2 protein chains.
Amino acid sequence: MLSPLIALLERYMPLEPAERQALQELANQPRRFPAGADLVLEGDRPKEARLLLSGQAFRHKTLADGRRQIMSFHVPGELLDVQGLFMTMDHSVCALTPCEAAVIPHPKLVAMFEAHPRLALAFWRMNLVEGAVFREWMLGIGRRDAYARVAHLFCEVLIRLRAAGLSDGARAAFPVTQQHLSDALGLSAVHTNRVLQQLRGQGLLSFSGGELVVMDWAGLQAAGEFDPAYLHLSEAN
Amino acid sequence: MLSPLIALLERYMPLEPAERQALQELANQPRRFPAGADLVLEGDRPKEARLLLSGQAFRHKTLADGRRQIMSFHVPGELLDVQGLFMTMDHSVCALTPCEAAVIPHPKLVAMFEAHPRLALAFWRMNLVEGAVFREWMLGIGRRDAYARVAHLFCEVLIRLRAAGLSDGARAAFPVTQQHLSDALGLSAVHTNRVLQQLRGQGLLSFSGGELVVMDWAGLQAAGEFDPAYLHLSEAN
DNA sequence: GCCCGCATTTAACCCAAGTTAGCGCGATGC
DNA sequence: GCATCGCGCTAACTTGGGTTAAATGCGGGC
């Protein structure tokens, strides 16, 4: 049941049987969330951690007047609120599709970390990759123009969905609206739409009905100045 | 010698004598870096970690054409390249002032984490706060206008320098140029200068010669829509 | 099969911020 | 004491992207 998590961890660090066993013991009845529901709520001080098992979700902060910044998109296997282990949540995580999440009491998680310090390091490592993605997004929002930013995001999304086994090749379900894209990119919805049409017009991709199809990977990569190194996908420990 | 680190950790988690002892054993002859030198280099796969002991530094990514995004500023006590424990560095860290850093071999650090899992969690927690700051910056760069962005940055800097014991009250050394500020904020140097004058003209702050003086804290905070919650400074474990 | 609501698209207009270029000034060096 | 360089500052002009508002789908509920 926790196989998405185990697959993610095992990509970098071969797990010992005892460690795999300890992970399995985290499993319990998953909780379901409908699309649009909050999996994690800003201001909350959770007593358990949520591990995404199926579906897609996104992390976001919203200002008083409604302006919103989406900070990341999430695929199964990812722990959504590590932050809640140590402090109050300073942002929310919202379900993009119907989701299932394992809800793991903090004491259980901490006990596992203390019994298997290497697992703590493995989770920490996952967390560091998330930080690397934040930094790349900052670079994009701060220093790239809208065109490169949109292209870059689609490159990243395709690669990450593929790594999560949610795409074979050039096609993937990515059920976001143009408003979601805008909020992730720091653009207005109107301008996102303009850029999208440009990318479509150049035959780089198609994106509609929540399905992304990349038709010219090299072209899209060039348009987004995309270098996947920051995703640290093929780096063994 | 590692007192800045111990102070940071102890802010949240009272350390046991054995843990404090284990930390002390990390100490060694610190390495010196002149202002402008790279403490950590993008593309590097370090064999040791650098812990900032004195001075200020900043983390940045730079595009091929020279556009640069500064991702964070750092004060003594912070581990600058946790990422290097597990993967290649995808960005650099550069000294703002002359700096001293303890250079700690990875095996020594990992051994400490395995012997004292609670210390691993404490370092992880520090790392999570850094991630929270990244997210807040993303929100600012993506969704706040230049005026609020500049004000917000100065609020954050003052609070963090104060927490590091580098400021009493409203005045602090923050030795950056307006170009550094621009690169941190995703603005041009010219526009940063315009906003700076506006803030000065409103009597909110003065900033010259690398010294920040906040003259109207409430006003600055309002200008930057600043809420320090995301810094998680006063949250015990 | 019609209505409603959300998402996408278009068009017209506007403005915040970028760009370029040049000046002044203090610190550094010879 | 003079040239140099980095940094702050100013002004004039440009532009990428925001705003507003209205039209066009389109899918789901009943």
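Every chain is numbered from 1, with letters handed out A, B, ... down the list of sequences. What you see is a predicted model, and the numbers here were worked out from it, not measured in a lab.
- At a threshold of 4.0 angstrom between heavy atoms, the contacts of G210(B) with the nucleic acid are absent.
- When the P atom of dA17(C) is taken as reference, atom CD1 of I141(A) falls 16 Å away, rounded to whole Å.
- We find that CZ of F207(B) is positioned 10 Å from P of dC9(D), with the value rounded to whole Å.
- Of all nucleotides listed (dC9(D), dT10(C), dT19(C)), dT10(C) comes nearest to the side chain of Q197(A).
- For R200(A), a side-chain nitrogen or oxygen approaches OP1 or OP2 of dT9(C) to under 4.0 Å.
- Between Q178(B) and dC9(D), a side-chain N or O to OP1/OP2 separation shorter than 4.0 Å is present.
- Atom CZ of R32(B) sits in a sparse spot, with 12 or fewer heavy atoms from other residues, nucleotides or ligands closer than 6.0 Å.
- Whole-Å rounding puts the L185(B) CG to dA16(C) C1' distance at 15 Å.
- The existence of a salt bridge linking E225(A) and R143(A) is excluded, since no basic side-chain nitrogen approaches an acidic carboxylate oxygen closer than 4.0 Å.
- Looking at which nucleotide of DNA chain D each of R144(A) and L196(B) is closest to, the 5′-most match is held by L196(B).
- A sub-4.0 Å separation between OP1 or OP2 of dA16(C) and a side-chain N or O of R149(B) is absent.
- Across the protein-nucleic acid pair, D145(B) atom CG and dT19(D) atom C1' stand 15 Å apart, rounded to whole Å.
- Looking at E78(A) and R160(A), a side-chain N of the basic residue comes within less than 4.0 Å of a carboxylate O on the acidic one, giving a salt bridge.
- Residue pairs meeting the side chain to side chain donor-acceptor pair (under 3.5 Å) criterion with at least one member in residues 166-175 of chain A, sequence neighbours excluded: R171(A)-E211(A).
- Within the 4.0 angstrom heavy-atom criterion, base atoms lie near S188(A).
- Between N193(A) and dT9(C) there is a side-chain N or O to OP1 or OP2 distance below 4.0 Å.
- Relative to the side chain of V190(A), the nucleotides dA11(C), dT19(C), dG17(D) differ in distance, and dA11(C) lies closest.
- The interatomic distance linking R194(A) (CZ) with dG18(D) (P) rounds to 8 Å, in whole Å.
- Rounded to whole Å, the distance from NE2 on H191(A) to P on dA12(C) is 18 Å.
- Using a 4.0 Å cut-off, no side-chain N or O of Q179(A) falls inside it from OP1 or OP2 of dT8(C).
- Rounded to whole Å, atom P of dA16(C) lies 13 Å from atom CZ of R67(A).
- The side chain to side chain contact (heavy atoms under 4.5 Å, CB included) test applied to A222(A) returns no partner, not counting sequence neighbours.
- Taking atom NE2 of H180(B) as the reference point, atom C1' of dG8(D) lies 15 Å away to the nearest angstrom.
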